[in-house]
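Notes for the one structure printed next.
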Amino acid sequence: MSLVDARDADGYVVGIDLGGTKVRAGIAALDASDGPRARAALVEAEEATEAGGGRALVGQIVGLVEGLSAAVSSPVDAVRAIGVGGAGVPAHPHGGFELAPNLGDLASFSLADELRLALGCAVVLENDANVAALGELAAGVGVHHDDFAFISIGTGIGMGLVLDRDLVPGAGNAAGEIGYLPFGADPLDPAAHRRGPLEEVVAGDALAARLGAGASARDVFDLAERGDPRAVAAIDEEARWVAHAIAAVAAVVDPGRFVLGGGIGSRPELLAPVRTWLARLGRGDLPVTISELGGEAPVLGALHLARAAAGRTHEGVAA
């Protein structure tokens with residue numbers, strides 16, 4: 001985190017990308033000019049997600065906001081709103097997250113309310129893949145395309161769906177929870193119901209486990225680069241199930257193109273075998289690319305949410 005002197009800004013917004021293994025955050029001016037990249041963060045910070053998640057995340061996020069405020073030489077009360085993208089389903093109007101197995105217990109209390117009390121500003125929650133899709137809409141693939149699906153693969157898997165430049169939330173804010181697609185692991189096994197049959201075979205720990213005990217997803221890609229046959233096979237198996245998910249989504253909603261992101265999805269080594277598997281599934285025509293924004297997409301999307309929340313607050317409407 002580096003210092004930036006931005007004391008002339010008319011308030012700030014903070015975007016939080018709350019993942020199962022790491023938290024990324026960025027602070028930006030509330031009144032930043034329009035443009036695909038004009039609203040990027042002034043300063044960003046990244047740290048490991050607090051062990052166990054749950055209520056411990058409140059203190060972690062407060063600490064990040066305080067640190068980012070100091071980095072732009074501003075008091076914390078100049079932050080007008082915070083957007084949080086989390087690996088779960090936002091529970092409105094409760095203000096927590098459900099179906100968030102990688103973040104601990106976020107369903108029994110209101111994360112949004114506790115952050116509002118601690119920081120005195122508007123707080124809005126959204127699914128992390130949806131937030132990344134908003135970032136892509138503003139400054140990535142959405143600059144040239146109105147319809148796309150953003151698939152994030154890392155600790156888990158999720159999807160943000162954009163149709164006609166609108167994010168599709170679903171009736172229960174759970175559209176895009178493709179980890180629960182009924183293939184990959186046995187969909188009738190109750191053990192696969194916690195995070196979903198597809199997520200059981202594409203999550204970061206599942207990819208690492210194909211290499212052996214003690215391995216990480218990063219190890220898989222590092223060894224594959226050296227030609228290790230077990231690592232190459234592990235990535236191919238990952239690509240197989242990602243391709244099945246893409247084909248299923250295309251059959252139902254036809255988003256036109258797919259963008260892969262997240263710690264695993266953004267790896268270029270995954271793209272070619274995904275395309276190969278799509279061809280084997282008879283869907284080699286589907287455009288699939290890697291996000292050009294990388295890890296920036298979720299923070300950009302969370303900043304967008306925060307600006308919208310700050311706007312509603314200024315108009316006297318509860319955020």
Side-chain angles (χ1 to χ4, degrees), residues 1-35 37-87 95 97 103-104 106 109-126 128 131-132 134-135 138-139 263 293-314 319:
M1 187 186 300
S2 59
L3 295 176
V4 173
D5 191 346
R7 284 170 288 186
D8 292 335
D10 183 23
Y12 296 90
V13 288
V14 172
I16 306 285
D17 174 25
L18 183 58
T21 57
K22 63 184 178 182
V23 183
R24 293 190 66 209
I27 189 168
L30 173 61
D31 58 356
S33 59
D34 289 324
R37 304 307 289 265
R39 296 192 165 202
L42 295 167
V43 180
E44 293 191 20
E46 180 180 311
E47 58 188 45
T49 305
E50 192 71 29
R55 287 186 181 274
L57 297 176
V58 176
Q60 182 171 26
I61 292 172
V62 169
L64 281 166
V65 173
E66 291 173 345
L68 289 168
S69 297
V72 294
S73 304
S74 171
V76 175
D77 60 13
V79 174
R80 308 300 184 209
I82 300 169
V84 180
F97 280 107
L103 293 175
L106 291 181
F109 70 100
S110 176
L111 177 64
D113 283 351
E114 296 211 10
L115 289 174
R116 286 188 190 104
L117 287 171
L119 295 166
C121 64
V123 178
V124 60
L125 308 183
E126 184 53 89
D128 58 347
V131 166
L134 288 174
L293 295 177
E296 230 187 322
V299 173
L300 285 173
L303 288 170
H304 171 84
L305 283 178
R307 285 195 178 92
R312 290 197 297 270
T313 300
H314 292 166

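Only a predicted model underlies this, so the values are computations on that prediction, with no experimental measurement involved.
- Note that the CD atom of E126 and the CZ atom of F97 stand 7.5 Å from one another [nearest 0.5 Å].
- A heavy-atom distance below 4.5 Å is found between the side chains of F109 and V58.
- S74 pairs with exactly one of V72, V76, D77 by the side chain to side chain contact (heavy atoms under 4.5 Å, CB included) rule, that one being V72.
- Taking all atoms of both residues into account, the shortest heavy-atom contact from R116 to V123 is NH2-O, 3.0 Å.
- For the atom pair CG of L305 and CG of L300, the computed distance is 11.5 Å after rounding to the nearest 0.5 Å.
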Audit row: D17, D128, side chain to side chain contact (heavy atoms under 4.5 Å, CB included) steps and yes/no: CA-CA 7 Å; D17 174 25; D128 58 347; 4.2 Å; yes

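- With contacts defined as side-chain heavy-atom distances shorter than 4.5 Å, the pair I82/V65 qualifies.
- One finds the CG atom of L125 at 7.0 Å from the OG atom of S110 (value rounded to the nearest 0.5 Å).
- Within the model, atoms CG of L42 and OH of Y12 stand 7.0 Å from one another, a figure rounded to the nearest 0.5 Å.
- When all heavy atoms of A28 and R307 are compared, the closest pair comes out as CB-NH2, 3.4 Å.
- Smallest separation of non-hydrogen atoms from A310 and A81: N-CB, 3.7 Å.
- Annotation: the span from R24 atom CZ to E296 atom CD amounts to 7.5 Å, rounded to 0.5 Å.
- In terms of heavy atoms, A25 sits closest to L68 at CB-CD1, 3.7 Å.
- The two residues L303 and V14 make their nearest non-hydrogen contact at CD2-C, 3.8 Å.
- G54 approaches L106 most closely through the heavy-atom pair O-CD2, 3.6 Å.
- Here the CD atom belonging to E66 is positioned 12.0 Å from the CD1 atom belonging to I61, to the nearest 0.5 angstrom.
- With hydrogens and angles ignored, the 3.5 Å screen pairs a side-chain donor or acceptor of Q60 with a backbone N or O of E50.
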